[in-house]
Protein chains: 2
Amino acid sequence: MTTPLPIIAGTRMALQIAERLREEIVSAAILPGQALSETDYATLYGVSRQPVREAFIRLAADGLLEVLPQRGTFVKKVSIKTVADARFVREAVEAAIVVEACQRATPADIAMLKQIIDSQTELLELESSKSASADEVMNRAMATGFLALDEAFHRALAKVAKRETAWAFVDRLKVQMDRVRYLSYQEATPAERLVAQHATIVEAIAQRDVALASADMHIHLAEVVGALPKLRERMPDMFED
Amino acid sequence: MTTPLPIIAGTRMALQIAERLREEIVSAAILPGQALSETDYATLYGVSRQPVREAFIRLAADGLLEVLPQRGTFVKKVSIKTVADARFVREAVEAAIVVEACQRATPADIAMLKQIIDSQTELLELESSKSASADEVMNRAMATGFLALDEAFHRALAKVAKRETAWAFVDRLKVQMDRVRYLSYQEATPAERLVAQHATIVEAIAQRDVALASADMHIHLAEVVGALPKLRERMPDMFED
DNA sequence: TTTTGGCTTCTTGTATACTAGCATACAAGC
DNA sequence: GCTTGTATGCTAGTATACAAGAAGCCAAAA
């Protein structure tokens with residue numbers, strides 16, 4: 001609730017508000033359990049309750065908010081079961097995606113994937129050089145930047161496999177995992193390791209080694225859940241179940 | 001728009017309307033491409049535009065409706081790519097589910113699955129005995145009944161694997177496949193064959209044969225797409241792309 | 001001290017009115 | 001005949017007002 005308001009008035013404000021809130025929730029700028037009031041956000045953005053309300057409905061459909069009639073709307077706490085099953089689904093789908101990527105990848109595809117990995121490496125080098133000044137804001141910015149590049153890699157993989165629509169399905173449940181990654185960028189797997197795994201996957205694809213690529217993807221996606229127990233211990237209020 | 005109105009006034013009418021419309025769209029009682037008016041449905045259900053509007057938003061989020069500002073709201077036409085990728089995702093996830101079901105299934109679980117299959121068989125025998133009077137209404141009722149039992153089987157499988165949450169994710173994209181099954185219950189795979197496949201899967205689970213169970217599930221889910229080409233030829237207006 | 005009743009104040013749910021944009025039809029001008 | 005301007009009737013988007021229920025507070029009674 002401390003946000004300014006770069007909302008473009010006039011056109012589909014419900015959608016803009018939904019997108020903005022989604023990002024704030026996923027990036028843990030608004031914490032789990034937080035109560036959100038339709039009225040408050042309406043005044044904050046200078047609109048009526050209706051667009052805010054419709055934004056809330058959209059986010060509730062994605063499992064980010066919980067609307068309790070006559071009581072209030074709250075940011076959903078992290079559910080271990082939900083995160084675990086989101087990983088389960090994503091792992092199954094992305095393993096299938098890399099199999100098809102193995103079969104379809106052109107040299108240009110491989111080059112593109114490697115270029116994304118190079119960007120990731122570049123970002124990490126920049127980060128380590130600045131790591132002396134480990135202030136909160138810088139950390140957040142780095143986490144956001146890296147997650148964007150991570151997203152780009154997996155999306156590109158789906159594109160290579162010509163499964164963009166399948167990725168769109170996965171993208172909707174991925175937010176449940178991303179929330180955890182933002183909350184736990186302290187105890188999370190070092191980004192360097194993730195980038196190395198990306199490289200391994202691409203290498204397997206380049207070699208058309210279906211079994212290896214699939215196995216590597218399973219290993220890669222299993223990392224995310226590892227941070228959960230420690231995270232829950234550190235901030236139990238963020239969890240339910 | 002020819003529906004009566006068994007809507008319970010007073011409590012969360014937006015949700016009731018959304019559920020009802022969802023069923024009508026998935027079961028092809030409302031056809032793809034059809035224009036829906038907020039105002040018309042408001043008067044039909046005896047409510048204001050707002051609840052109808054919120055129902056539309058929910059269904060649009062699931063890819064069943066398309067809201068075009070200042071133009072209208074339309075039932076989404078069937079997208080081959082969307083259906084194909086929905087199957088792709090579901091296949092990947094359910095194959096993973098049967099693997100875990102193989103590992104966890106208790107004798108009671110096996111018995112429960114077999115009981116569902118028995119119910120399916122029973123329904124089919126009833127259908128074949130009545131098949132002389134092959135009227136439209138009867139066919140629809142049978143299709144609905146069988147799809148409900150099919151749904152029950154796959155849901156039960158997820159429960160055995162303790163992946164109910166994962167199934168909830170799949171359930172959201174399954175509607176894209178169900179629409180096709182309703183539209184094409186003429187040229188679709190005979191239900192007897194599907195039930196036989198169910199039995200094969202359960203048998204593999206009972207034998208703890210992971211590879212076989214997984215393979216059987218892949219075969220089982222591949223059936224649905226087979227009907228697409230003929231269906232598109234029969235009713236091209238229902239498709240986009 | 002504990003409990004109970006009512007009041008106040010919050011919340012979301014719904015209804016109604018108004019705004020703005022698109023599409024179509026139709027008429028005027030070329 | 002063809003094009004273009006315009007009026008009209010539709011649509012969804014938004015604003016405002018009211019209704020209904022939940023929660024907390026506080027005072028009064030047991």
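When reading the values below, keep in mind they use all heavy atoms of this one structure, side chains included, and skip hydrogens, waters and symmetry mates. Order of the sequence lines fixes the chain letters, A, B, ..., with proteins taken first and strands second; residue numbering starts at 1 for each chain.
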Note to self: Surrounding CD of A:E23 (heavy atoms of other residues, nucleotides or ligands, distance under 6.0 Å), is the total greater than 12?
What the structure shows: no
Note to self: Under 4.0 Å, heavy atoms only, any strand: does A:E38 hit a base, just the sugar-phosphate, or nothing?
What the structure shows: sugar-phosphate
Note to self: So B:T73, base contact, sugar-phosphate only, or nothing? Heavy-atom distance under 4.0 Å.
What the structure shows: sugar-phosphate
Checklist line | Atom pair distance, as rounded to whole Å: CG in A:L65 and C1' in C:dT12 | finding: 14 Å
Check: OP1, OP2 of C:dT14 versus side-chain N and O of B:S48: anything below 4.0 Å?
Finding: no
Note to self: As a test of reading the structure: which of D:dA23, C:dG13, C:dA15 is closest to the side chain of B:V47, going by heavy atoms?
What the structure shows: C:dA15
Note to self: If I take atom CG in residue A:L68 and atom C1' in nucleotide C:dG13, what distance separates them, rounded to the nearest angstrom?
What the structure shows: 14 Å
Margin query: Checking the side chain of B:D150 only, and the main-chain atoms of B:L147 only, is there a donor and an acceptor separated by less than 3.5 Å?
Written below: no
Item checked: A:D40 CG to C:dC10 C1', straight-line distance once rounded to whole Å -> 11 Å
Notebook entry, point to check: In whole Å, what is the span from the CD atom of A:E54 to the C1' atom of D:dT14?
Noted result: 9 Å
Note to self: Side chain of B:R49, heavy atoms from C-beta onward: which of C:dC18, C:dA15, D:dA23 has the nearest atom to it?
What the structure shows: C:dC18
Check: Does a side-chain N or O from B:R12 land closer than 4.0 Å to OP1 or OP2 of C:dG13, or not?
Finding: yes
Item checked: Length of the CG-P vector between B:L15 and C:dG13, whole Å -> 8 Å
Checklist line | Spacing between A:F56 atom CZ and C:dG13 atom C1', to the nearest angstrom | finding: 14 Å
Item checked: Candidate pair A:R49 and A:Y41, rule side chain to side chain donor-acceptor pair (under 3.5 Å), full reasoning -> CA-CA 8 Å; A:R49 267 183 58 211; A:Y41 272 92; over 6 Å; no
Item checked: Between D:dA15 (C1') and A:Y45 (OH): distance, integer Å -> 19 Å
Notebook entry, point to check: Is a donor-acceptor contact shorter than 3.5 angstrom present between the side chain of B:Q70 and the base of D:dA12?
Noted result: yes
Check: Of the candidate nucleotides D:dA15, D:dT11, C:dT14, which contains the atom at the shortest distance from the side chain of A:P51?
Finding: D:dA15
Margin query: Should the side chain of B:Q50 and the base of C:dT14 be counted as holding a donor-acceptor pair, with the cut-off at 3.5 Å?
Written below: no
Next item on the list: Dump the intermediate steps for side-chain contact (heavy atoms from CB on, under 4.5 Å) on B:L157 and B:M217, then the final yes or no.
Entry: CA-CA 11 Å; B:L157 223 46; B:M217 179 58 85; 3.5 Å; yes
Checklist line | B:A158 backbone acceptor or donor facing B:E164 side chain under 3.5 Å | finding: no
Notebook entry, point to check: Rounded to the nearest Å, what distance is computed from the CD atom of residue B:E66 to the P atom of nucleotide D:dT11?
Noted result: 17 Å
Check: So which nucleotide from C:dT12, D:dG13, D:dA15 ends up closest to the side chain of B:R53?
Finding: D:dG13
